[in-house]
2 protein chains.
Amino acid sequence: MAADQWLTQLQENGYRLTEARRIVVEAVEKSARALTPIEVYDIARKKYRALGLVTVYRTLEKLEELHLIQRVHQPLGCQAFISAGEGHQHLLLCQNCGQVAFFEGDDLDVLTESIAQKTGYQISEHWLQLFGLCANCRAD
Amino acid sequence: MAADQWLTQLQENGYRLTEARRIVVEAVEKSARALTPIEVYDIARKKYRALGLVTVYRTLEKLEELHLIQRVHQPLGCQAFISAGEGHQHLLLCQNCGQVAFFEGDDLDVLTESIAQKTGYQISEHWLQLFGLCANCRAD
DNA sequence: CACTTATTGAAAATGATTTTCATTATCAAA
DNA sequence: TTTGATAATGAAAATCATTTTCAATAAGTG
Ligand SMILES: [Mn+2]
Ligand SMILES: [Mn+2]
Ligand SMILES: [Zn+2]
Ligand SMILES: [Zn+2]
């Protein structure tokens, strides 16, 4: 999904289109790796010097609310965001450069059914995330 | 693994045994749900009034370093800890009361191999976590 | 253009975690 | 058992991320 569509989504949900939002959206949407609020701020401010960090926080909040971005949990921290996958997808992260790839097709039904049996839990959700080295980083 | 063994581990790694550590270890080891530093503090202080929050942080840090506890990531926050599973295990969390169950026996080899093929990543780790309702909370 | 009000950025407030430091407690060695 | 080196402690201060407050500004509707 392109940056323009994110802006349209914002507008359709009653939010105004502002320069600050345009720049933040562009920075996040373009990125192949998860970005923290400060990282977004630093990148975005290169195009729009007057931008405030508060506005980055507020914009990320709205993008998350509209499911356009998602929070990424990593061993070193859980404050970074990446554009959300479409449908049921999970993340694969490069431990060296942070590059994110999405994947789908995991089938945990047999497993969850078995665990449900053993534990007595009613299982309704799962988090799955893979870590490794991207093609580029493998080369080094 | 019992609290005594955690204390032994601490000692064997050159850390001294103190009253503060004993109390913190007991609180964390006993708990069936993940606890934040403040929660540990509140629980532990019932047995040892003079305990400082700083000491809770420092003790949790050491327990994590020795792999006796592990951080638990949840939608509402990622600062809670629970005793670490033994061997290759994953967590199943009750979305209502927070009760934690461990499970093992997931086999993601076929999946990761296939994803590795498609993406070019060399996959070395995975995070898997299940969410649902524990038997008690289902009853309500 | 005019008007309503959502949005903005600066500054202050908050909350969690870390650092500093003087005091105390642990434990190995005498 | 006593002694001594030093690891560990808790209070207070410092730091860092995030949220709130607020007056000024800009977006979008009519
Ligand atoms: Mn899945
Ligand atoms: Mn596994
Ligand atoms: Zn990489
Ligand atoms: Zn429950």
Side-chain angles (χ1 to χ4, degrees), chain A residues 4 6-28 34-66 68-69 71-81, chain B residues 4 6-28 34-66 68-69 71-81:
Chain A
D4 284 349
W6 289 24
L7 295 172
T8 303
Q9 284 285 322
L10 282 169
Q11 202 164 36
E12 285 176 354
N13 283 84
Y15 296 118
R16 293 181 180 173
L17 292 193
T18 66
E19 190 59 13
R21 281 177 184 163
R22 266 186 264 271
I23 301 292
V24 168
V25 161
E26 187 192 354
V28 178
L35 300 175
T36 62
I38 285 282
E39 286 173 330
V40 172
Y41 178 65
D42 288 338
I43 293 169
R45 234 159 55 98
K46 286 179 183 153
K47 301 241 171 155
Y48 186 54
R49 221 68 224 311
L51 180 67
L53 178 56
V54 202
T55 299
V56 173
Y57 275 98
R58 291 191 279 226
T59 303
L60 291 175
E61 189 178 57
K62 286 168 183 59
L63 293 176
E64 190 181 23
E65 169 197 324
L66 298 178
L68 294 169
I69 62 174
R71 185 178 295 270
V72 176
H73 298 258
Q74 288 183 265
L76 287 175
C78 307
Q79 339 68 218
F81 294 88
Chain B
D4 284 348
W6 290 23
L7 294 172
T8 304
Q9 284 286 320
L10 282 168
Q11 203 164 36
E12 285 176 355
N13 284 84
Y15 296 117
R16 293 181 180 175
L17 292 193
T18 68
E19 190 58 13
R21 281 178 184 162
R22 267 185 263 271
I23 301 292
V24 167
V25 159
E26 187 193 355
V28 177
L35 300 175
T36 62
I38 285 282
E39 287 173 329
V40 172
Y41 178 65
D42 289 339
I43 294 169
R45 235 159 56 98
K46 286 177 183 154
K47 301 243 172 153
Y48 185 54
R49 223 66 224 314
L51 180 67
L53 179 55
V54 203
T55 299
V56 172
Y57 275 97
R58 292 191 277 226
T59 303
L60 291 175
E61 190 177 56
K62 286 168 182 60
L63 293 175
E64 189 180 23
E65 169 197 324
L66 298 179
L68 294 170
I69 62 174
R71 186 178 294 270
V72 177
H73 299 258
Q74 287 185 265
L76 287 175
C78 307
Q79 339 67 216
F81 294 87

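Since this is a predicted model, take the numbers as computed values, not measurements. Here is the naming used below: chain letters follow the sequence lines, and residue numbers restart at 1 for every chain.
- Residue contacts for A:Q79: at a heavy-atom cut-off of 4.0 Å it reaches the sugar-phosphate backbone alone, with no base atom in range.
- Using a 4.0 Å cut-off, some side-chain N or O of A:Q11 falls inside it from OP1 or OP2 of D:dG28.
- The distance from atom CD of B:E39 to atom P of C:dG15 is 16 Å, rounded to the nearest whole Å.
- As a whole-Å value, the separation of A:E19 CD from D:dG28 C1' is 16 Å.
- Side-chain atoms of B:R71 come within 3.5 Å of backbone N or O of B:C78 as a donor-acceptor pair.
- Taking atom CG on B:L17 and atom C1' on D:dA8, their separation rounds to 12 Å, with Å as the unit.
- There is a side-chain donor-acceptor pair under 3.5 Å between A:E65 and A:Y15.
- Considering all non-hydrogen atoms of both residues, B:L10 and B:K62 come closest at CD2-CB, 4.2 Å.
- D:dT9 atom C1' lies 15 Å from atom CZ of B:R45, rounded to whole Å.
- Backbone-only engagement by B:L51 is indicated by non-hydrogen atom pairs under 4.0 Å involving sugar-phosphate atoms exclusively.
- Look at CD on A:E64: it is 14 Å from C1' on D:dT18, rounded to the nearest Å.
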N/O-N/O pairs, protein side and nucleotides 2-5 of chain C side, under 3.5 Å:
{"unit_1": "C:dT5", "atom_1": "O2", "unit_2": "A:R16", "atom_2": "NH1", "d": "3.3"}
{"unit_1": "C:dT5", "atom_1": "O2", "unit_2": "A:R16", "atom_2": "NH2", "d": "3.3"}

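- Each of B:R22 and B:E61 has a nearest nucleotide on DNA chain C; the 5'-most of these lies closest to B:E61.
- Mapped onto DNA chain D by nearest heavy atom, B:T18 and A:V54 fall at different nucleotides, with B:T18 at the one closer to the 5' end.
- Going from atom CZ of B:R49 over to atom C1' of D:dT9 covers 17 Å, rounded to whole Å.
- A distance-only check finds a donor-acceptor pair linking the side chain of B:R21 to the backbone of B:R16 [under 3.5 Å].
- A salt bridge is absent between B:E61 and B:R58: the closest approach of a Lys/Arg side-chain nitrogen to an acidic carboxylate oxygen does not fall below 4.0 angstrom.
- When distances are taken from the side chain of A:R21 to each of C:dT7, C:dC27, D:dA17, the shortest belongs to C:dT7.
- Of the inter-residue distances, the one linking B:Y48 atom OH with B:E19 atom CD reads 6.0 Å to the nearest 0.5 angstrom.
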Item to check | Residues A:V40, A:F81; criterion side-chain contact (heavy atoms from CB on, under 4.5 Å); working and verdict | outcome: CA-CA 9 Å; A:V40 172; A:F81 294 88; over 6 Å; no
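- When the C1' atom of D:dA17 is taken as reference, atom CZ of A:R71 falls 12 Å away, rounded to whole Å.
- Distance CG (B:N13) to P (C:dT26): 19 Å, rounded to an integer number of Å.
- Nucleic acid contact class of B:Y48 (heavy atoms, under 4.0 Å, all strands): sugar-phosphate only.
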